Amino acid sequence: MQFQTLPGFREFYPDDCLLRNHLFATWKSCARAYAYSEYDAPVLEPLSLYVEKSGEEIVGQLFHFTDRGEREVALRPEMTPSLARLVGAKANALKRPIRWFNISEQYRYERPQKGRLRAFYQFNADILGIAEPTADAELIALLVASLKGLGLGADSVQVRLSDRLLWHVLLKAANLSAEATTAVLAVVDKLGRMPREKSLAALEPWMDDASSWLSGIEAMMREVRDFLALETYFVELAKPLEASDRKFVGARLDQWRILLAELDALGCSPFVQIDLSIVRGLAYYTGFVFEAFEATGEGRALAGGGRYDDLVQKLGGPAMPAVGFAMGDVTVTDLLRAKDLLPRYFEKADVGLVVEPSAPRANALLFAQTLRAAGYSVEMPLSGQSLNKQIKAMRQKGPRLMAIFKSAEEDLATYADGRVELLDVAANVRREIKTDLSLLVPQALAFLQEGTFAEDN
RNA sequence: GUGGUAAUAGCUCAGUUGGUUAGAGCACCGGAUUGUGAUUCCGGGGGUCGCCGGUUCAAGUCCGGUUUACCACCCCA
């Protein structure tokens, strides 16, 4: 009987774990740099939590089953509903702003492809309780910091910024109903990946002259790449609308000014590109939305996020403005590999011991335990290979310090208990002393702390 | 869920129009030499050629199915 992993699931050999931990450590330190607090939630949740948020269609994309208590349950496909529940349940007790982050595995029953598996890790960061665009700016800055922290510069990755509120204005100007708005936004979301004729066909039921409307939209998305163009376009667009709509556009453009000014002051401008072709699939986003992509525009999104001011309330909590993003490990790791940005370090012990087969092991073991108790990692040989073989093998493992325990045979008079050579591996400096822990341990600790051997007395 | 391509050792791959006991490099293990993070030499283990079935005297090679991976759809929270 042979067993293999389920499709879309991964195993992590030590080298893979090293890479994963590198990613996690970077995410975590970035989140801490922005003073976000870590939270966590169950892997298994009631199926209804996701149906409530995303509709029945979602069920086909979930790992779900009925448990022995007849409960319909699902492995979490995303973190946001759980987050909304956590925050909603204690909303009144939580100090604002609520800045939380989480790193965890998510599960989606989808066809695996490049950049998309059935189990993957996500870095989630959210701010709840703040409606101002300062929060959106801070999250985008954290997203940028996370990418930069992995070695990705503005020449490699770009965050594309858009706004669903302005899209609603755009659609209102085309006299679309609320129902049509949802459908049309879904089409707009896919413009880049769908043949134009297909998009047109999808638009035609909702508007009279889909062809010219689409041409106009395409031109707009091409031309509106900075704030000046955005402002000019929407002021012009709003002119024939009602006074309240014109006022709305003016107020929204003010929000844009705040967002962009904050991003500029945060040093993120080189990473951010206004791009109204981003609308993001599902309907719960309510304001600014953004996605991070490889700068060439190729590949799947590295991260995505936006404002979801209604979701906490929809899931049973109080009204609570919110904005957040998620970054997946799969696409990011693919990109880092392509850019040759994966770390090459490997796990090294601080101290590597070598014990000549004829020398007693007890001294070496005690030495190892003493250094371990002092907080250092120490590797002991377990088989009695020849001295040279051990030394060679241990050198390749690259500890900072090697301690070579030799037998006393050559000079019993001076070294009754044998002798130990301490070796500064990097500098190739050796120091040979008696096997006497009261001498050895201080020497070793001095080296580990100072980086060089203490002066001879 | 639909379609296309692929599958030989842990990894990267050879394997001639179907023809004895399926190969190389790297990696791993052992031995010799070598004490300064790829020395050199010798040796070794490891594959029911993804799986099941069919055609044939004979299948890694041809055919069908299946699984998995990749690619394009669907979807992408």
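Proteins get letters first, then strands, A, B, ... in listed order; numbering begins at 1 in each. Quick caveat: nothing in here was measured; it's all calculated off a predicted structure.
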Does A:Gly398 or A:Leu117 map to a spot on RNA chain B nearer the 5' end, using the closest nucleotide for each?
->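 Its nearest nucleotide lies further toward 5', so the answer is A:Gly398.
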For A:Ser386 and for A:Phe9, find the nucleotide of RNA chain B with the closest heavy atom, then tell me which residue's nucleotide is more 5'.
->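 Between the two, 5'-proximity favours A:Ser386.
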For [N] versus [M], give the span between their [atom1] atoms, rounded off to a whole number of Å.
N: B:G23; M: B:G44; atom1: P; result: 14 Å
N: B:U17; M: B:U2; atom1: C1'; result: 37 Å
N: B:A14; M: B:U33; atom1: P; result: 40 Å
N: B:A27; M: B:A9; atom1: C1'; result: 11 Å
N: B:U55; M: B:U16; atom1: P; result: 24 Å
N: B:U20; M: B:A58; atom1: C1'; result: 11 Å
N: B:U61; M: B:A22; atom1: C1'; result: 12 Å
N: B:G60; M: B:G47; atom1: C1'; result: 11 Å

Can you measure [X] atom [atom1] to [N] atom [atom2] for me and round it to whole angstrom units?
X: A:Asp15; N: B:C11; atom1: CG; atom2: P; answer: 14 Å
X: A:Gln113; N: B:C74; atom1: CD; atom2: P; answer: 10 Å
X: A:Lys53; N: B:C76; atom1: NZ; atom2: P; answer: 11 Å
X: A:Leu62; N: B:G1; atom1: CG; atom2: C1'; answer: 16 Å
X: A:Leu387; N: B:A32; atom1: CG; atom2: P; answer: 13 Å
X: A:Met327; N: B:A77; atom1: CE; atom2: P; answer: 15 Å
X: A:Arg280; N: B:C75; atom1: CZ; atom2: P; answer: 16 Å
X: A:Glu11; N: B:U68; atom1: CD; atom2: P; answer: 15 Å

Cation-pi check, A:Arg430 to A:Phe447: give yes when NZ or CZ is under 6.0 Å from the six-membered ring centre and within 45° of the ring axis, no otherwise.
->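 Pair A:Arg430/A:Phe447 does not count as cation-pi.
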Any cation-pi pair here, A:Arg118 with A:Phe9, using under 6.0 Å and within 45°?
->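 No cation-pi geometry.
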Using a cut-off of less than 4.0 Å, is there contact between a side-chain N or O of A:Lys406 and OP1 or OP2 of B:G35?
->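 Negative; the distance criterion is not met.
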Does a nitrogen or oxygen in the side chain of A:Lys348 sit under 4.0 Å from OP1 or OP2 of B:G37?
->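 For B:G37, OP1/OP2 do not have a side-chain N/O of A:Lys348 under 4.0 Å.
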With heavy atoms under 4.0 Å as the rule, sort [X] into base, sugar-phosphate or nothing.
X: A:Gln122; answer: nothing
X: A:Lys397; answer: nothing
X: A:Lys190; answer: sugar-phosphate
X: A:Gly8; answer: sugar-phosphate

side-chain hydrogen bond (donor to acceptor under 3.5 Å, both in side chains) between A:Tyr36 and A:Glu138: does it pass, once the steps are laid out?
-> CA-CA 11 Å; A:Tyr36 283 54; A:Glu138 182 177 291; 2.7 Å; yes
Does a side-chain heavy-atom distance below 4.5 Å link A:Gln390 with A:Met402?
->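 No, every pair of side-chain atoms sits at 4.5 Å or beyond.
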Can you tell if the side chain of A:Phe65 reaches within under 4.5 Å of the side chain of A:Leu44, non-hydrogen atoms only?
->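 Answer yes - side chains close enough.
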Separation between CZ of A:Arg20 and CD of A:Glu105, rounded to the nearest 0.5 Å =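 A:Arg20 CZ to A:Glu105 CD: 7.5 Å, rounded to 0.5 Å.
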Drop me the distance from A:Asn388's CG to A:Lys392's NZ, to the nearest 0.5 angstrom.
->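 The distance works out to 10.0 Å.
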With the threshold set at 4.0 Å, does a side-chain nitrogen-carboxylate oxygen contact exist between A:Asp67 and A:Arg71?
->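 Looking at A:Asp67 and A:Arg71, the cut-off is met.
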Under-4.0 Å salt bridge between A:Arg76 and A:Glu45 |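 No, A:Arg76 and A:Glu45 are not salt-bridged.
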Kindly indicate, with the supporting measurements, whether the criterion side chain to side chain contact (heavy atoms under 4.5 Å, CB included) is fulfilled by A:Phe123 and A:Phe325.
-> CA-CA 8 Å; A:Phe123 171 39; A:Phe325 75 84; 3.9 Å; yes
Is there a donor and acceptor pair, one atom on the side chain of A:Arg111 and one on the base of B:C71, closer than 3.5 Å?
->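 A donor-acceptor contact between them is absent.
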Is A:Glu421 side chain donor-acceptor paired with the B:G35 base, going by distance under 3.5 Å alone?
->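 Side chain to base: pair present.
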Residues A:Gln122, A:Asn124; criterion side-chain hydrogen bond (donor to acceptor under 3.5 Å, both in side chains); working and verdict | CA-CA 6 Å; A:Gln122 260 192 356; A:Asn124 275 260; 3.2 Å; yes
Which nucleotide wins on minimum distance to the side chain of [X], given the candidates [options]?
X: A:Pro112; options: B:U34, B:A69, B:C75; result: B:A69
X: A:Lys198; options: B:A77, B:C70, B:C73; result: B:C73
X: A:Lys389; options: B:A69, B:A77, B:G30; result: B:G30

Among residues 75-89 of chain A, which contact RNA chain B at a heavy-atom distance under 4.0 Å?
->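 The stretch gives A:Pro77, A:Glu78 as the residues lying under 4.0 Å from the strand, ordered by number.
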Does OH belonging to A:Tyr39 count more than 12 external heavy atoms closer than 6.0 Å?
->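 Yes, OH of A:Tyr39 has more than 12 neighbouring heavy atoms, counting only those of other groups under 6.0 Å.
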Dot-bracket notation for RNA chain B is requested: 5' to 3', Watson-Crick or G-U wobble pairs only, both distances under 3.5 Å, with ( ), [ ], | and . as defined.
-> (((((((..((((.....[...)))).(((((.......))))).....(((((..]....))))))))))))....
